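Chain A is the first sequence line, chain B the second, and so forth, proteins listed ahead of strands; every chain is numbered from 1. Heavy-atom basis, side chains included; hydrogens, waters and symmetry copies ignored. This is a predicted model, so every value here is computed, not measured.
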Protein chains: 2
Amino acid sequence: MAVTMHDVAHRAGVSIKTVSNVVNQYPHVRPETRRRVEEAIAELGYRLNTTARNLRQGRTGMIGLALPELSLPYFAELADSVMRAAEARGVVVLIEQTGAQRDRELQALDSSHRRLTDGLLFSPLALEPEETERLEVDYPMVLLGERMFGPVDHVTMANVEAARAATLHLVERGCRRIATIGAHPGETMGSARLRFDGYRKALAEAGLPFDPDLVGDAGLWHRSTGAEAMTRLLDAGVELDGVFGMNDALALGALHVLHTRGVAVPHDVAVMGFDDVDDARYSEPLLSTIDPGREQIATTAVDLLLERIAGSQVPPRRVVADFEIVARESCLLGRTVH
Amino acid sequence: MAVTMHDVAHRAGVSIKTVSNVVNQYPHVRPETRRRVEEAIAELGYRLNTTARNLRQGRTGMIGLALPELSLPYFAELADSVMRAAEARGVVVLIEQTGAQRDRELQALDSSHRRLTDGLLFSPLALEPEETERLEVDYPMVLLGERMFGPVDHVTMANVEAARAATLHLVERGCRRIATIGAHPGETMGSARLRFDGYRKALAEAGLPFDPDLVGDAGLWHRSTGAEAMTRLLDAGVELDGVFGMNDALALGALHVLHTRGVAVPHDVAVMGFDDVDDARYSEPLLSTIDPGREQIATTAVDLLLERIAGSQVPPRRVVADFEIVARESCLLGRTVH
DNA sequence: CTGTTAGCGCCTTCAC
DNA sequence: GTGAAGGCGCTAACAG
């Protein structure tokens with residue numbers, strides 16, 4: 001069977017408690033004793049039994065991460081960041097996919113995984129704002145994303161501000177007819193609505209008129225839907241010199257179409273995305289975009305959750321991550337007609 | 001504190017063992033007793049403590065999945081399939097990223113996660129074939145991918161055969177000058193080499209000459225590198241009427257360039273990818289590709305691993321998944337000059 | 001600084 | 001068909 005602390009203690013000629021002290025970095029152990037124990041550990045190939053520790057301590061050392069889909073680049077990269085942040089703090093992440101389906105999101109709140117984790121990072125996409133009471137669960141939880149505002153900690157992007165900044169960035173580069181792609185008409189919250197609001201805000205501030213003809217709807221935020229929306233705009237003959245894609249996939253789809261149609265980017269049309277997904281570093285031309293602070297979101301969310309797990313009872317907090325404009329080729333300066 | 005079996009037993013007026021029997025679907029429980037226990041469970045909101053069960057049973061009910069990166073679409077979708085397969089079998093998946101770095105791959109073999117999992121599904125990308133002895137670990141493991149052939153169970157794609165089939169598919173559609181993109185010159189194993197071998201095999205069978213000018217190298221298998229390779233081929237003025245991308249990202253990058261250059265797909269050039277990634281369903285035109293049997297790979301790998309965990313001592317097995325040609329628009333028939 | 005004791009919540013063994 | 005006892009490997013509390 002597996003080597004236990006008992007075996008190590010026996011071998012090192014100490015008690016089991018001393019072994020525990022060494023393993024747990026308890027400071028008051030005589031160096032000589034510590035050495036003997038460490039030697040025994042090495043010789044026996046001992047490895048701590050996490051399950052036993054967890055049972056004893058009443059925690060599992062794991063946190064859950066429930067997200068729509070790993071195959072959506074933003075979430076894959078978010079998962080990456082969360083795992084890194086968690087690792088740095090000594091906890092392990094258990095990922096769960098909800099497929100952005102309402103019932104599976106509800107299920108995640110009550111799945112068997114909840115018995116295996118000390119808390120949950122929850123990124124819902126389908127739950128409705130009216131269902132916030134479902135978020136009143138009896139375990140620590142931190143919400144990610146824009147979707148809900150229940151009585152729990154919440155880490156979110158500066159959607160409005162960042163979209164505004166992206167649009168203004170295009171204005172500063174000389175754009176006067178700026179289209180946006182990815183709108184969800186009728187939506188009252190959620191990223192599409194918030195980013196659209198930021199876009200309009202920027203136009204207003206810049207003294208540019210809002211033109212509904214410059215708005216490209218796109219339900220799913222994929223390359224293909226971005227390409228379709230861009231195609232519709234071009235086919236409609238709308239005059240434009242800038243495009244703000246509400247995420248990078250949409251913007252990349254738009255870039256693709258512009259290329260195909262012989263529209264020079266950034267010379268004729270400048271393009272901004274949103275998310276700073278890995279792909280944006282590999283496009284032609286390189287896509288300018290918004291870094292929404294994914295790292296910060298991940299580390300903050302993990303920290304808030306760990307505080308709750310540690311027993312913090314402060315009122316629900318709301319953290320908005322810092323964003324940054326990532327200026328690349330697709331909206332280089334110097335494109336303006338002087 | 002949490003509700004325990006003891007509480008339930010007390011409430012139902014039975015012993016703790018009876019509760020355990022009910023919870024574990026033990027058949028010989030009087031219906032009346034079962035009902036009483038189930039009632040008590042519901043009333044108290046009892047949930048089994050998995051940690052305690054795991055400690056007692058000496059297993060964790062979790063399996064590890066170590067893969068290069070979730071942000072690579074193929075692996076994100078593989079993770080998805082593995083999680084589904086595992087769920088159906090009542091086990092939970094713990095994902096770990098290695099970044100395709102040799103040291104982190106080695107680390108994964110010995111990380112703290114190993115104490116939390118009953119076994120490991122390991123998909124290395126950087127380890128060298130000479131290092132197969134590192135795979136002789138003291139826990140159940142199943143290898144995924146082409147990279148290594150150590151003394152462990154291995155589930156792999158039919159790389160050579162599928163690449164051959166993809167290339168022949170282009171031949172059947174009338175292609176005579178078929179380029180391939182994604183080659184890794186000098187590689188002796190790994191997907192790039194195997195798929196290249198399949199490509200050459202198909203050419204030979206079809207009686208077509210192999211022309212080194214039709215081979216586009218690409219170290220990383222991204223859209224951008226695919227686009228670059230395609231650009232180099234076109235710029236070199238090589239005559240071609242078909243392209244086999246060694247994965248979908250490469251093929252999608254090539255599609256993009258062909259579009260930009262005004263080359264009609266599939267009319268002038270037919271294109272095949274490999275992997276059947278989600279994106280292939282959203283491109284313009286839709287990308288024909290190879291479904292390498294990801295679902296089958298996932299379910300088989302999970303099954304093999306669970307057999308090992310259950311104690312199976314049979315010699316290492318090697319399973320090659322079935323593949324399928326997914327014919328979409330990018331290589332439609334009727335493009336041939338008759 | 002180190003040893004002893006007593007469980008964490010569950011399942012297995014063996015009675016009854 | 002059900003109950004009682006013991007222990008999985010570890011750590012918290014308290015001695016010494």
Side-chain angles (χ1 to χ4, degrees), chain A residues 1-41 44-62 90 112 114-118 309-311, chain B residues 1-41 44-62 90 112 114-118 139 309-310:
Chain A
M1 277 314 291
V3 183
T4 75
M5 271 193 180
H6 188 264
D7 303 331
V8 176
H10 184 78
R11 171 107 185 187
V14 298
S15 90
I16 203 174
K17 168 64 176 156
T18 305
V19 179
S20 175
N21 283 342
V22 171
V23 168
N24 292 290
Q25 328 263 32
Y26 182 68
H28 307 297
V29 178
R30 228 191 311 148
E32 161 61 11
T33 315
R34 178 183 301 280
R35 200 191 49 66
R36 276 225 313 285
V37 171
E38 278 167 350
E39 223 168 83
I41 287 177
L44 268 50
Y46 168 76
R47 307 279 251 96
L48 176 72
N49 182 326
T50 325
T51 308
R53 164 189 279 182
N54 290 341
L55 175 60
R56 182 62 245 239
Q57 299 192 331
R59 335 176 279 88
T60 68
M62 291 196 279
S112 66
R114 296 292 73 73
R115 287 299 314 210
L116 282 167
T117 54
D118 299 329
I309 291 171
Chain B
M1 276 314 290
V3 183
T4 74
M5 270 193 181
H6 188 264
D7 303 328
V8 176
H10 183 77
R11 170 108 185 185
V14 297
S15 89
I16 204 174
K17 166 64 176 157
T18 306
V19 179
S20 174
N21 283 343
V22 171
V23 168
N24 292 290
Q25 328 264 30
Y26 182 68
H28 307 298
V29 178
R30 229 187 314 144
E32 160 62 12
T33 314
R34 177 184 303 279
R35 199 191 49 67
R36 277 225 313 285
V37 171
E38 278 166 351
E39 224 169 82
I41 288 178
L44 269 50
Y46 167 77
R47 308 275 253 100
L48 178 74
N49 182 325
T50 326
T51 308
R53 164 187 277 181
N54 290 342
L55 174 59
R56 184 61 243 241
Q57 299 192 333
R59 334 176 281 87
T60 69
M62 290 196 279
S112 66
R114 296 292 72 72
R115 287 299 316 209
L116 282 167
T117 54
D118 299 328
Y139 50 80
I309 290 171

Dump the intermediate steps for side chain to side chain contact (heavy atoms under 4.5 Å, CB included) on A:M62 and B:M62, then the final yes or no.
CA-CA 12 Å; A:M62 291 196 279; B:M62 290 196 279; 3.3 Å; yes
Using the rule given for salt bridge (charged side-chain N to carboxylate O under 4.0 Å, His left out), can you reason through B:R35 versus B:E32, listing the C-alpha separation, both sets of side-chain angles and the distance that settles it, and then say yes or no?
CA-CA 5 Å; B:R35 199 191 49 67; B:E32 160 62 12; 3.4 Å; yes
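Rounded to whole Å, atom C1' of C:dG9 lies 17 Å from atom CZ of A:R59. One can place OH of A:Y46 at 10 Å from P of D:dG9, the figure rounded to the nearest angstrom. The distance from atom CG of B:N54 to atom P of C:dC11 is 10 Å, rounded to the nearest whole Å. Taking atom CG of residue A:D7 and atom C1' of nucleotide D:dC8, one finds them 13 Å apart after rounding to whole Å. In this structure, the CD atom of B:E32 is 14 Å from the C1' atom of D:dT2, given to the nearest Å. Between A:H6 atom NE2 and D:dT11 atom P the separation is 15 Å, expressed in whole Å. A straight line from CG of B:N49 to P of C:dG7 spans 18 Å, rounded to a whole angstrom. The nearest whole Å value for the distance from the CG atom in A:L55 to the C1' atom in C:dC11 is 13 Å.
Not one side-chain nitrogen or oxygen of A:T4 sits closer than 4.0 Å to the OP1 or OP2 atom of D:dG9. When the side-chain nitrogen and oxygen atoms of B:Q57 are compared with OP1 and OP2 of D:dC8, none of them lie within a distance under 4.0 Å.
Ring geometry for A:H28 versus A:Y26: interplanar angle over 60°, hence perpendicular rather than tilted (30 to 60°).
Contact detail for B:T51 and A:L55: the closest heavy-atom pair is CG2-N, 3.5 Å.
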Could you list, one pair per line, each protein nitrogen or oxygen that sits under 3.5 Å from a nitrogen or oxygen of nucleotides 2-6 of chain C, together with the distance?
residue: C:dT2; atom: OP1; partner: A:T33; partner atom: OG1; Å: 2.3
residue: C:dT2; atom: OP2; partner: A:R30; partner atom: N; Å: 3.0
residue: C:dG3; atom: OP2; partner: A:S15; partner atom: N; Å: 2.7
residue: C:dG3; atom: OP2; partner: A:S15; partner atom: OG; Å: 3.1
residue: C:dG3; atom: OP2; partner: A:T18; partner atom: OG1; Å: 2.5

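Nucleic acid contact class of B:N24 (heavy atoms, under 4.0 Å, all strands): sugar-phosphate only.
Of the N and O atoms on the side chains of B:T50 and B:N54, not one donor lies less than 3.5 Å from an acceptor on the other residue.
Counting heavy atoms from C-beta on, the side chains of B:V3 and B:R47 never come closer than 4.5 Å.
The number of heavy-atom neighbours closer than 6.0 Å to CD of A:Q25, taken from other residues, nucleotides and ligands shown, is 12 or below.
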